[in-house]
Amino acid sequence: MKEKYCGNCTQHDMYHYPDKVFCQLRYLKGENPIVDTLWCCPHWKYDPQPCFCLEKAKQNAKNTQ
């Protein structure tokens, strides 16, 4: 099972590296498209391309705890 995060979803584009992403699907639905890289919605679809934002966001989350 893949870890489900916005940072590895097909719908995301970078917004504020690495902590925030722009979700194209939420934008099209009229919802706030700016979400946390480590968040996930029910419409998540895996993107097999590696995203460095996800690893960096995980590091940032560990450093702020």
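Worth knowing before you read on, the calculation uses all heavy atoms, side chains too, and leaves out hydrogens, waters and symmetry mates.
- Of all the heavy atoms in T37 and L54, the pair that sits closest is CG2-CA, 4.0 Å.
- Residues passing the salt bridge (Lys or Arg N to Asp or Glu O under 4.0 Å) test with E55: none are found, sequence neighbours excluded.
- No more than 12 heavy atoms of other residues, nucleotides or ligands shown are found within 6.0 angstrom of CZ on F52.
- A distance of 6.0 Å separates SG of C41 from CG of L25, quoted to the nearest 0.5 Å.
- Looking only at side-chain heavy atoms (C-beta outward), Y5 and C40 stay at 4.5 Å or farther from each other.
- Listed here is the closest heavy atom pair of C53 and P18: O-CB, 3.5 Å.
- The closest side-chain heavy-atom distance from R26 to H43 is not below 4.5 Å.
- Considering every non-hydrogen atom in both N32 and I34, the closest pair reads OD1-N, 3.1 Å.
- In this structure K58 satisfies the salt bridge (Lys or Arg N to Asp or Glu O under 4.0 Å) test together with E3, sequence neighbours excluded.
- By the ring pair (Phe, Tyr, Trp, His ring centres under 6.0 Å) test, Y27 is found to be paired with F22, residues two or more places apart in sequence or in another chain being considered.
- Taking both residues in full, the closest heavy atoms of L38 and A57 are given as CD1-O, 3.8 Å, listed atom of the first, atom of the second, then distance.
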Atom pairs and distances, donor-acceptor, side-chain atoms in residues 9-16, under 3.5 Å, two or more places apart:
from, atom 1, to, atom 2, distance (Å)
H12, ND1, C6, O, 3.3
H12, ND1, C9, O, 2.9
D13, OD1, Q24, NE2, 3.4
D13, OD2, Q24, NE2, 2.4

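- Under a hydrophobic-cluster definition in which Ile, Leu, Val, Met, Phe, Trp and Tyr are linked whenever side-chain heavy atoms come within less than 4.5 Å, directly or via other members, L28 and V21 are assigned to different clusters.
- Shown here are the salt bridge (Lys or Arg N to Asp or Glu O under 4.0 Å) partners of D36, two or more places apart in sequence or in another chain: K20.
- For Q59, there are no side-chain hydrogen bond (donor to acceptor under 3.5 Å, both in side chains) partners, not counting sequence neighbours.
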